[in-house]
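Structure record follows, encoded as structure tokens.
Chain A is the first sequence line, chain B the second, and so forth, proteins listed ahead of strands; every chain is numbered from 1.
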Amino acid sequence: MKILVCTSQVPDTTSKVAFSDNNTKFNTAGVTMIINPYDEWYALVRALELKESGIATAVHLITVGKADNEPVIRKALALGGDEAIRIDTDSNDPYVVAAEIANYAKNEGYGLVLCGKESIDYNNGIVGGMLAELLDMDYVGFAATLNVNGNIATIAREIEGGEEVVNVNIPLVVSCQKGMAEARIPNMRGIMAARTKPLKVVAASGVAALTTIEFYDMPPAKTGVKLFTADQLDELVSALHNEAKVI
Amino acid sequence: MSVLVFTEHTQGVFKKKCFEEVQYAAALAKQMNTTVTAVVLGNANADAMSQLGAYGAQKVLHVADARLDNLNSRAYTKAITAAAEKDSASVIILSHDVTGKAVGPRIAARMKAGMAAGAIALPDLSKGFVVKKAVFAGKAYAFVNITSEQKIVLLMQNSSPVIKGEGTAVVETFSVAFDDKDFGVQVKEVNKVTGVVPLGEAELVVSGGRGMKGPENWHILEDLANTMGAALACSRPVADSHWRPHHEHVGQTGGTIRPNLYVAVGISGAIQHLAGVNSSKTIVVINKDNEAPFFKAADYGVVGDALEIVPQLTAAMKKFKEAHH
Ligand SMILES: Cc1cc2nc3c(=O)[nH]c(=O)nc-3n(C[C@H](O)[C@H](O)[C@H](O)COP(=O)(O)OP(=O)(O)OC[C@H]3O[C@@H](n4cnc5c(N)ncnc54)[C@H](O)[C@@H]3O)c2cc1C
Ligand SMILES: Nc1ncnc2c1ncn2[C@@H]1O[C@H](COP(=O)(O)O)[C@@H](O)[C@H]1O
């Protein structure tokens, strides 16, 4: 069974968020890009574990993005994986991302397509579901464990108000979250090996976007904290009632 | 031309977020001069369904197939898409939750409808169909214009107060021809957290960090939460040390919540923690270190020892509750 892991690059969580061009573009100046944590810690590491235990035969990584994604793709390859595919286009429309991945993956015979539960920049959590539809596969989102036995995947997933364990036939698309695996740190051997692993660049099929981001805005700055002492807790409670109107 | 809204229920009961979705759909429908149809799947209660009218639904399409009691994204997609066709829906609203994110994207891909996830305000129709959403873990907002003919919106809960109105919806049963393949996900085991307000839905949340010192002290947070009617949450190290169950962990790697009130006790306010909570409307921080970073993100704060402050705050809350009974 071959596994495809969808990885995207995102600004490091600690980055300062700023916009340029009249608030229409995210300003990447001075921002460190990382592999989306859910893709790296959970989807990719679990895929590697499945390969190490002999269940998967190959792990491929796929990113929809321009050449500036390559350093991050190499970092992902340093953790493991046999090859990476980069689809050479840039879009923040989730449909474009999903359709480009689907167009590449549909004839490649992947048994599992893994993605993260959401990308930490746009916080959508929707590429995986779109991909499942476009590949005509089942979809299990918010998975916390994933095991494969023959043709059947057994997954613990989050549902409304709890968790459940499900069985699904492969092929399928799974979005991964905490519980799935323990984060790994690439070692020297991995880093060296990543330099020569294949990184295929594929031309985009030119799917048209269905959404555009018109502009960005910042939330109003907090006006500053109002402090209360231990003997003013009644005042705190009445501020929550009268001023904040939350109780 | 209607606005279709998917309202998920738990054993026949609709949660507040469904009412919020219906109300959102109704406000949108009003701007678009059209009506609201809710879609309900699986075994549901007729009375509860017609009650959706009190929040603005004119009609409910009910697909009463018992196999829909479990989440199968293919089956749900088929049912909701069929309802959308029957009703010539131009907009479909779902909740920005586990189910909405499993089903909405499938519907979007099937209909080639553009999608905005995590909407926190009504679309601005004067500029197209522009939806406001939080991005970069609440550090900014993006305004997403859906340019396709049909549109899908996943609504973030707690975006606007829910107000019950008058009226009942007409419930119509609606049948959909499913294939075996639509039920490919076989449920083996279910563990529902019962008896407590689910964290994602709670309007009030009390959360503890490492400053609580150990699980033996959590009863004071439980008392506070019970008094307020709040749900409990915690920081990641607290869940990692098994002081609290993992589903209570919020932050970048845990849940993202946006309650009306988040009370953070003994939590330093690391950026990864803030990522999960900084869209809360009001934040109260209790920390013994007046330089804890969380105070910068807070509206109200108390500097002091949590073990002393929390029981006193509980007492103050009790007093307030009794006075405002
Ligand atoms: C990639 C990554 C992802 C992460 N994801 C998450 C996440 O999802 N969620 C998360 O929470 N963290 C996450 N973290 C960890 C995060 O960086 C912090 O380490 C963590 O949030 C700290 O938890 P804490 O505030 O409970 O503990 P500490 O940082 O130890 O803070 C304890 C606080 O309690 C105060 N205190 C101590 N004693 C008392 C007392 N008696 N009374 C009152 N106050 C007291 C202290 O002043 C201090 O501010 C992540 C980290 C990384 C690197
Ligand atoms: N540009 C991209 N290239 C490859 N995979 C992506 C891309 N964007 C998102 N994904 C995958 O889809 C998941 C959900 O992303 P999103 O719907 O953007 O929150 C991510 O965790 C990735 O696994």
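- Of the listed residues (A/Asn167, A/Ile213, A/Leu172), the one with the most heavy-atom contacts under 4.5 Å to chain B is A/Asn167.
- With chain B as the partner, the residue from A/Gly129, A/Gly128, A/Ser15 showing the most heavy-atom pairs under 4.5 Å is A/Gly129.
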Open item on the list: Test salt bridge (charged side-chain N to carboxylate O under 4.0 Å, His left out) on A/Lys226 and A/Glu243; report intermediate values, then the result.
Closed with: CA-CA 12 Å; A/Lys226 268 195 195 167; A/Glu243 195 175 85; 2.7 Å; yes
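- Residue B/Ala315: no heavy atom, backbone or side chain, is found under 4.5 Å from chain A.
- The candidate from A/Asp234, A/Leu134, A/Ile159, A/Asn169 with the greatest count of non-hydrogen atom pairs under 4.5 Å with chain B is A/Asp234.
- Both the backbone and the side chain of A/Ala230 come within contact range of chain B, with heavy atoms under 4.5 Å apart.
- Proximity to chain B is absent for every atom of A/Asp231, based on heavy atoms less than 4.5 angstrom apart.
- With a 4.5 Å cut-off on non-hydrogen atoms, B/Ala113 touches chain A through its backbone but not through its side chain.
- In this structure, B/Leu204 and B/Pro259 have side chains that are not in contact, with every pair of non-hydrogen atoms separated by 4.5 Å or more.
- Atom OH in B/Tyr141 sits 5.0 Å away from atom CD1 in B/Ile120 (nearest 0.5 Å).
- Ranking A/Val225, A/Val168, A/Val17 against chain B, the residue ahead of the rest is A/Val225, based on heavy-atom pairs under 4.5 Å.
- With a 4.5 Å cut-off on non-hydrogen atoms, A/Tyr139 touches chain B through its backbone and its side chain both.
- Proximity to chain A involves both the backbone and the side chain of B/Arg106, based on heavy atoms less than 4.5 angstrom apart.
- For chain A, the nearby part of B/Lys17 is the side chain; its heavy atoms alone come within less than 4.5 Å.
- Contact of A/Lys117 with chain B is made through the side chain alone, with heavy-atom distances under 4.5 Å.
- Only the side chain of B/Lys319 comes within less than 4.5 Å of a heavy atom of chain A; its backbone N, CA, C and O stay farther away.
- Counting heavy atoms from C-beta outward, B/Asn290 and A/Leu227 have side chains that stay 4.5 Å or more apart.
- Heavy-atom distances place the side chain of A/Val140, and not its backbone, under 4.5 Å from chain B.
- Between chain B and the residues A/Phe142, A/Phe215, A/Tyr95, the most heavy-atom pairs under 4.5 angstrom are made by A/Phe215.
- For B/Thr77, the part lying near chain A is the side chain, with the backbone staying farther off; criterion is any non-hydrogen pair under 4.5 Å.
- Among B/Ile146, B/Val131, B/Asp299, B/Val144, the residue making the largest number of heavy-atom pairs under 4.5 Å with chain A is B/Asp299.
- Looking at A/Leu236, the atoms closer than 4.5 Å to chain B (heavy atoms on both sides) all sit in the side chain, from C-beta outward.
- Residue B/Lys296 touches chain A through its backbone alone, counting heavy-atom pairs closer than 4.5 Å.
- In this structure, the portions of B/His246 lying under 4.5 Å from any heavy atom of chain A include both its backbone and its side chain.
- Considering only heavy-atom pairs separated by less than 4.5 Å from chain A, the leading option among B/Ala117, B/Gly114, B/Gly301 is B/Gly301.
- Residue contact with chain A, scored on non-hydrogen atoms closer than 4.5 Å, is absent for B/Ala270.
- Per-residue counts of heavy-atom pairs under 4.5 Å with chain A were compared for B/Lys181, B/Lys321, B/Glu308, B/Glu203; the largest is that of B/Lys181.
- Side-chain contact annotation: A/Asn124 with B/Lys133, donor-acceptor N/O pair under 3.5 Å present.
- Here the CZ-CG distance, from B/Phe183 to B/Asn70, works out to 9.5 Å after rounding to the nearest 0.5 Å.
- Checked for salt-bridge contact, B/Lys78 and B/Asp179 meet the test: a charged N lies under 4.0 Å from a carboxylate O.
- In terms of non-hydrogen atom pairs under 4.5 Å with chain B, the most contact-rich of A/Val10, A/Val127, A/Thr223, A/Asp217 is A/Asp217.
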- [ ] Quick one: do A/Thr212 and A/Glu214 satisfy side chain to side chain donor-acceptor pair (under 3.5 Å)? Show the steps, please.
- [x] CA-CA 6 Å; A/Thr212 53; A/Glu214 299 286 322; 3.1 Å; yes
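- Heavy atoms closer than 4.5 Å to chain A are found in the side chain of B/Glu201, but not in its backbone.
- With a 4.5 angstrom heavy-atom cutoff, A/Tyr122 touches chain B via backbone and side-chain atoms both.
- Proximity to chain B (any heavy atom under 4.5 Å) is shown, for A/Pro219, by both the backbone and the side chain.
- Using modelled atom types, one finds a donor on one side chain and an acceptor on the other under 3.5 Å when comparing A/Thr14 with A/Asp12.
- Using cut-offs of 30° and 60° for the angle between ring planes, the B/Phe136 and A/Tyr216 rings count as tilted.
- Considering only heavy atoms from C-beta on, A/Phe26 stays 4.5 Å or farther from A/Asn92 through its side chain.
- Looking at B/Ile107, there are no atoms closer than 4.5 Å to chain A (heavy atoms on both sides), in backbone or side chain.
- The heavy-atom pair separating A/Phe228 from A/Ala239 by the smallest distance is CZ-CB, 4.1 Å.
- For a residue to count as touching a neighbouring chain, one of its non-hydrogen atoms must lie under 4.5 Å from one of that chain's; by this rule B/Leu71 touches chain A with backbone and side chain alike.
- Rounding to the nearest 0.5 Å places CG of A/Asp39 at 9.5 Å from CD1 of A/Ile120.
- For the options B/Asn260, B/Asn191, B/Ile283, heavy-atom pairs under 4.5 Å to chain A are most numerous at B/Asn191.
- The CE atom of B/Met317 lies 9.5 Å from the CG atom of A/Leu233; values are rounded to the nearest 0.5 Å.
- With a 4.5 Å cut-off on side-chain heavy atoms, B/Glu8 and B/Ser95 do not count as touching.
- By the 4.5 Å heavy-atom criterion applied to side chains, B/Met115 and B/Pro105 are counted as neighbours.
- Atoms CG and CD1, on A/Asn149 and A/Ile170 in that order, are 10.0 Å from each other to the nearest 0.5 Å.
- Note on B/Asp305, B/Thr147, B/Asn145, B/Leu274: by heavy-atom pairs under 4.5 Å with chain A, the leading option is B/Asn145.
- Using a 4.5 Å cut-off between heavy atoms, A/Glu118 touches chain B through its side chain atoms alone.
- Within the 4.5 angstrom heavy-atom criterion, only side-chain atoms of B/Lys15, from C-beta onward, approach chain A.
- The distance from the CD1 atom of A/Ile126 to the SG atom of A/Cys115 is 11.0 Å, given to the nearest 0.5 Å.
- A/Lys75 is not listed as a side-chain neighbour of A/Gln9, based on a closest heavy-atom distance of 4.5 Å or more.
- When B/Gly100, B/Gly254, B/Gly200 are compared by the number of non-hydrogen pairs under 4.5 Å with chain A, B/Gly254 comes out ahead.
- At least one side-chain heavy atom of A/Glu164 sits under 4.5 Å from a side-chain heavy atom of A/Arg157.
- For A/Ser119, no part lies under 4.5 angstrom from a heavy atom of chain B.
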